[in-house]
Each structure stands twice: as C-alpha cells, then as structure tokens.
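To find a chain, count down the sequence lines: A is the first, B the second, and so on, and within it residues start at 1. Worth saying up front: this structure is predicted, and the values here are computed from it rather than measured.
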Number of protein chains: 2
Amino acid sequence: MTATDTTFRRLCAQHGIAVTHQRQVLYEVMQGMDGHPSPEEVYARVKREIPAISLATVYKNIHLFVESGVLREVSLHHGSQRVEMNEAEHHHMVCSRCKAISDISADALNLPEQRRQLPGGFLVERYSVDVIGICLECQGLERGASRV
Amino acid sequence: MTATDTTFRRLCAQHGIAVTHQRQVLYEVMQGMDGHPSPEEVYARVKREIPAISLATVYKNIHLFVESGVLREVSLHHGSQRVEMNEAEHHHMVCSRCKAISDISADALNLPEQRRQLPGGFLVERYSVDVIGICLECQGLERGASRV
DNA sequence: TATTGAACGATAACTTTTATTGTCTATACT
DNA sequence: AGTATAGACAATAAAAGTTATCGTTCAATA
Ligand SMILES: [Mn+2]
Ligand SMILES: [Mn+2]
Ligand SMILES: [Zn+2]
Ligand SMILES: [Zn+2]
C-alpha cells in the first residue's frame with residue numbers, strides 16, 4: 001500500500017465515496033499532470049494505465065471529484081460561451097451549484113489597481129474576477145426548504 | 001436612420017467590417033438582452049426579427065464582435081472543462097488569442113482580503129481571478145516575427 | 001463468502017461549435 | 001446608376017464535447 005494509496009483512501013472516506021481501482025488510478029495520474037487538462041486529456045493519460053477505461057467513467061469521476069473538492073475547476077464551465085454587452089467595469093458572482101451568473105461592480109469588490117507587469121511578459125488587457133460561491137436560492141434549497 | 005443605427009455603422013467603420021442587415025439586427029437585439037446569454041439564446045431572440053437567420057451566422061458574428069471589442073465574453077471559453085489539482089491558492093493568466101492558461105500566485109496579484117458578505121446574500125467560497133491579456137508567444141507573432 | 005447497491009464499459013443520444021458550399025449582397029469602381 | 005467582386009449569407013454536414021442508458025462487474029458490508 002503506497003503513500004498516495006493511503007491518502008486517496010482517506011480522501012474517499014472523508015467524502016463518503018467508494019474506493020475503486022479506476023478512481024484511484026485517476027487520482028494518481030492527475031496528481032502527476034500539471035497544467036490545466038481537459039477531460040479528454042485526462043482520459044488519454046489514464047488510458048495508458050487502464051486501457052479499458054471508458055471516457056464516461058472519466059467524466060463521471062471528474063464531476064465527483066470536483067463536487068467533493070478533491071479536484072478544482074479552473075473556471076466554472078458553463079457548457080457554452082456566454083457574452084454580454086454591459087460595458088461598465090464589473091465582475092461576476094457565479095453559483096457553484098446552479099452556475100447562475102450575476103454582476104458585481106468593481107467597487108463592491110474593492111480591488112487594487114491592476115498591475116500591468118506580470119510574470120512571463122504577459123500583456124494585461126483586463127482582470128476578470130469570478131466570486132465563486134452559493135447563490136441565495138441554492139442556499140435555501142440546501143437547507144431542505146421546499147419551494148412552491 | 002436611428003441612433004443605434006448610426007452607432008453601429010460607426011462601430012463597423014472603426015473596425016473595418018461590413019454593415020449587413022443581420023449584423024445590425026444582432027447588435028440591436030443584444031443591446032436589449034441583459035444577463036449573460038449563450039449563442040443559442042441570442043439566436044432564439046434574433047430569430048424573432050429575422051426568421052431565416054442561420055445559427056452559423058450568429059456564431060460567426062459573435063466571434064467577430066468579440067474580436068473587435070463590440071461584445072465581451074463573460075469569461076474566456078475554452079471549449080471544454082479544465083481541471084487541476086494545484087491546491088495552492090493561485091489565479092490564472094489567460095491569453096485572449098491562444099487561450100493558454102498559466103498560473104499566477106495570489107501574492108503576485110496583490111489582492112485584498114476577500115469579502116465574505118456580498119450583495120444578494122451570496123455565500124462566498126473563493127475568488128477566481130483571470131488576468132486576461134496576450135501571452136509572450138502571441139505578442140511575438142503579433143509583431144509579424146516569424147518562427148522557425 | 002454471499003448479498004447488493006454502486007460503479008463500470010459500451011454505446012447511443014444530445015449539445016455545442018466549426019467547416020463546407022453554393023447563392024446572394026454590400027461595397028467599390030466605373 | 002450599372003457592374004464586378006470580395007465577403008456574407010443560409011443550409012447543412014461534420015466535429016467536438018458531454019450526458020444518458022443499460023447490462024455487467026465490483027466494492028462494501030454483514
Ligand atoms: Mn456581467
Ligand atoms: Mn492553475
Ligand atoms: Zn445557485
Ligand atoms: Zn497566446
């Protein structure tokens with residue numbers, strides 16, 4: 001039983017999810033992936049360890065890991081592009097449960113002035129801040145309150 | 001000739017793109033849409049004005065509008081979900097041209113402490129900052145420098 | 001070790017986005 | 001105004017990304 005093996009079993013116990021071979025390999029493989037891979041990229045990598053694994057299994061377990069906090073989404077994925085014509089400088093609150101997006105003014109966030117110089121010679125155009133959390137509606141639902 | 005008509009023609013002139021009926025209706029319709037619509041939602045709405053419009057036209061012109069700055073993407077869309085296991089508190093620099101994602105520490109951004117109370121009773125989990133701009137590689141390409 | 005609900009693999013279905021192609025139209029130039 | 005032409009359009013096929021379904025296999029618990 002390896003160290004990561006133990007770590008993973010503890011993680012699963014904490015979150016009440018079953019320990020399966022696929023999940024364990026998925027976890028270990030992703031530990032070794034840097035950058036910000038897509039599910040397809042994770043699938044390609046884990047397939048080297050378990051050639052028979054299904055892409056659906058990768059998707060299902062990425063969801064599971066994200067829900068339980070083992071894994072993090074780089075920025076909340078909405079399935080499709082979202083656009084807006086609101087020209088005012090503003091940012092967003094995004095509900096991690098229902099993915100609802102609402103505006104929040106830059107003032108309300110009290111951001112510092114944006115730095116123009118960043119590591120790697122990156123040329124800054126703008127900052128885009130997502131405040132990730134739970135919206136009021138989802139907070140209500142979470143507490144078992146039923147709605148008409 | 002309406003006011004928005006004039007505005008739109010000026011916008012097109014500024015960006016060197018042709019004024020077409022579809023583009024103009026698209027622009028006007030989106031002016032009247034609040035929230036953060038998807039291309040499909042924009043399509044459904046503009047279809048009421050031009051029933052024969054094609055979804056491909058909506059996509060192409062949303063791209064065009066985003067490129068020319070008429071429209072803004074809520075957060076840069078990567079086509080697929082992106083995940084990571086980097087537990088350290090950090091944020092991202094995202095290239096608006098090639099969509100490359102790179103990490104940046106919270107310290108380097110000099111963010112203020114996160115507010116826990118936000119408008120609308122939103123329960124904050126975390127901040128996710130995307131610094132949107134042009135990566136070094138794309139800056140080089142932009143200047144017409146050719147690469148081996 | 002036997003039971004059983006959960007997880008898996010295979011695959012179909014669905015959603016989102018892009019590419020292709022022939023026709024049409026906005027624009028520039030007489 | 002009339003014409004040429006590059007670019008935009010609609011239609012539609014194809015690709016890419018994601019989810020649902022279902023029969024089989026496996027992990028957890030007794
Ligand atoms: Mn907004
Ligand atoms: Mn990262
Ligand atoms: Zn919500
Ligand atoms: Zn780039």
Whole angstrom value for the distance that separates [atom2] of [N] from [atom1] of [X]:
X	N	atom1	atom2	value
I62(B)	dT17(C)	CD1	C1'	11 Å
L55(B)	dT12(D)	CG	P	14 Å
I50(A)	dC8(C)	CD1	P	9 Å
E40(A)	dT16(C)	CD	P	18 Å
E41(B)	dT17(C)	CD	C1'	16 Å
R82(A)	dT17(C)	CZ	C1'	15 Å
Q22(B)	dG7(D)	CD	P	17 Å
K60(A)	dT18(D)	NZ	C1'	12 Å

Nucleotide nearest [X] when distance is taken to its side chain, options [options]:
X	options	value
S80(A)	dA10(C), dT17(C), dG17(D)	dT17(C)
A56(B)	dA19(C), dT21(D), dA26(C)	dA19(C)
Y59(B)	dT16(C), dA10(D), dA8(D)	dT16(C)

What does [X] touch in the nucleic acid at a heavy-atom separation under 4.0 angstrom: a base, only the sugar-phosphate, or nothing?
X	result
H77(A)	sugar-phosphate
I53(A)	sugar-phosphate
H78(B)	nothing

Would S38(B) and Q81(A) count as having a side-chain donor-acceptor pair, cut-off 3.5 Å?
->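 No pair is found: no donor N or O on one side chain lies under 3.5 Å from an acceptor on the other.
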
Verify the distance criterion only: is there a donor paired with an acceptor across the side chains of D130(B) and H91(B) at less than 3.5 Å?
->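 No pair is found: no donor N or O on one side chain lies under 3.5 Å from an acceptor on the other.
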
Which comes earlier along DNA chain D counting from the 5' end, the contact point of Q81(B) or that of A18(B), where each point is its nearest nucleotide?
->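 So the residue in question is A18(B).
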
When the ring centroid of H36(A) is compared with that of H78(B), is the distance short of 6.0 Å?
->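 H36(A) vs H78(B): aromatic centres not under 6.0 Å.
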
Would you indicate, yes or no, if [N] has its OP1 or OP2 atom less than 4.0 angstrom from a side-chain nitrogen or oxygen of [X]?
X	N	answer
T57(A)	dA7(C)	no
H21(B)	dA8(D)	no
T20(A)	dC8(C)	yes

P39(B) or I17(B): which one's nearest nucleotide on DNA chain C is closer to the 5' end?
->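 Nearest nucleotide further toward 5': that of P39(B).
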
Hey, quick one: are V70(A) and V58(A) part of the same hydrophobic cluster, counting side-chain heavy atoms closer than 4.5 Å, chains of contacts allowed?
->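 Linked within one cluster.
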
Common cluster, L123(A)/I101(B), ILVMFWY with side-chain heavy-atom separation under 4.5 Å |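 No, because L123(A) and I101(B) fall into different hydrophobic clusters, even though each may have its own neighbours under 4.5 Å.
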
